[in-house]
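Starting from 1, each residue takes its place in the sequence as its number.
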Amino acid sequence: MIFPKTAVTVVAAMLLILSAPPGLAEPSQRPTLDLEYDALNGLDRALRDLVDTQQTGNLTYGIWQQDALIREGYFGPVNPSNNRTVTDDTIFRIQSMTKAITAVGILILTERGAIDLEDPITDILPEFEDVEVIADIGADGEMFTFRPPRPPTIRQLLSHTAGIGNARPSYNPAETAMFRANMLAARTIDEFIGIATSVPYIAAPGAEWNYSVSSDLQGAIIERVSGQRLGTFLQEALFDPLGMRDTRFFVYRKDTDRLSGVLQNREMERAFSISEGAHNSIQSQTYHEGGHGLYSTQADYFRFLTFLLNQGRLEGRQILKPETLESFSINAIQYRGRPGAMASVGRRQGLGFGFGVGTIEDSVVSDMAAPEGSFYWYGALGSWFWVDPHNQIIFIAMTQTSSGMESDYIRESMRMVYGEPTPATTLYADTN
């Protein structure tokens, strides 16, 4: 254990400036968006249609502005054994929407003085001491490596710029090796770390952004520093203070009637199935996955996002200091000392990454209509969210489908709220 070392008028322009994310310059004009119930009819129909056309088995959504609920929708049954319509307390596997929560867990430890974001991860995860970086790959798949000038920092781990790969079939042999070692089925976090350190970094620490297993390693850091299981730490430090009563790494048996089913492809047909393996007797047999392991509800996740939007404050209580969260939703990818994008081509063009969330750097280039400075993420079973600090908007959609949906609904839902992406008002300071 390591110790210390409905219609709502948007607020006036000055208040928006004061509530804007850190790092934004003060522009000469700020656009405002006044959400109205009837203007969201198209959004409501489109999301209902996802269930009616069997692209998913159920869906809940809510959109809020300045803490006021503007519109919500609940479509489809909870699961095959519970035909009641889903509600905001239906429990979903939120998958990678876990990442933002785990990142906040790390920030809680920094506020307590237990860690510093510039600390090397090897201070807490010494298993990474001898990990090298891939320099080249031979025709036979042999990996040629070199010693990195310095180990990754905790900040780089938070922003997925630590050089660590993902466990997936890939052109990169290190990632393929982690996949073949069945890394995501590891029974303990030590086993998980053992696989992660048995392969080289796929890039030098700090050199580039790569979607990775870094959030699971953040969970390991929390456990080692706090001396608690990840779920216990988050319960005491975050979920209880925020009143997130249904968010945890398992579902109590008494609550399984509220657990959403999952739409799956079975023998060329789609089947809405019971979500298995969620109760504690099964989940307790494995480590708590900081990257994708949580169950939550729309109601709980709204409380979490409100806490973030309000700079660590919820219902009059300051749970984290604003300065602790100031880097959370700011693009942390740096190239030559300037903010960079996740990738220069494809669907991630014009996007950055903060601590467990994507950031919108250019609405037009990224084809994401929420304004620059907004942050977002999604889960593998279809749920998604975004937060727009400029207009004080929170959007959440919860659903469970492993079959995939026909459209990119994070972009489609933004377009139904904001219209087509438009060139940015100059929000960032001129750095030329």
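Asp388 is not listed as a side-chain neighbour of Phe395, based on a closest heavy-atom distance of 4.5 Å or more. Counting heavy atoms from C-beta on, the side chains of Tyr201 and Thr145 never come closer than 4.5 Å.
Atom CD1 of Ile394 and atom CD of Gln65 lie 11.0 Å apart (nearest 0.5 Å). A distance of 3.5 Å separates CD1 in Ile202 from CG in Asn210, rounded to the nearest 0.5 Å.
By the side chain to side chain donor-acceptor pair (under 3.5 Å) test, Tyr61 pairs with Asp44, sequence neighbours left out. Here Glu315 pairs with Arg303 under the salt bridge (charged side-chain N to carboxylate O under 4.0 Å, His left out) rule; sequence neighbours left out. Scanning for ring-ring contact (aromatic ring centres under 6.0 Å, His included) contacts around Tyr301 gives Phe304, Phe385, with sequence neighbours left out. For Glu412, the salt bridge (charged side-chain N to carboxylate O under 4.0 Å, His left out) partners are Arg415, not counting sequence neighbours. By the salt bridge (charged side-chain N to carboxylate O under 4.0 Å, His left out) test, Arg45 pairs with no residue at all, sequence neighbours left out.
Side-chain atoms of Glu111 come within 3.5 Å of backbone N or O of Lys321 as a donor-acceptor pair. At distances below 3.5 Å, not a single donor-acceptor pair connects side-chain atoms of Gln298 with backbone N or O atoms of Met398. Judged by distance alone, the side chain of Ser363 and the main-chain N or O of Ala370 form a donor-acceptor pair under 3.5 Å.
Between Phe249 and His288, the ring planes lie parallel to each other; the angle is under 30°, not in the 30° to 60° tilted range.
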Candidate pair Thr306 and Trp64, rule side chain to side chain donor-acceptor pair (under 3.5 Å), full reasoning
CA-CA 10 Å; Thr306 301; Trp64 297 259; over 6 Å; no
Please table the atom pairs, donor to acceptor, closer than 3.5 Å between any side-chain atom in residues 159-167 and protein atoms at least two apart or in another chain.
unit_1	atom_1	unit_2	atom_2	d
Ser159	OG	Arg155	O	3.2
Ser159	OG	Gln156	O	3.3
Ser159	OG	Thr161	OG1	2.8
His160	ND1	Ser212	N	3.2
His160	ND1	Ser212	OG	3.1
His160	NE2	Ser215	OG	3.3

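The side-chain tip of Arg71 points at the ring of Tyr37 from less than 6.0 angstrom away and within 45° of straight on.
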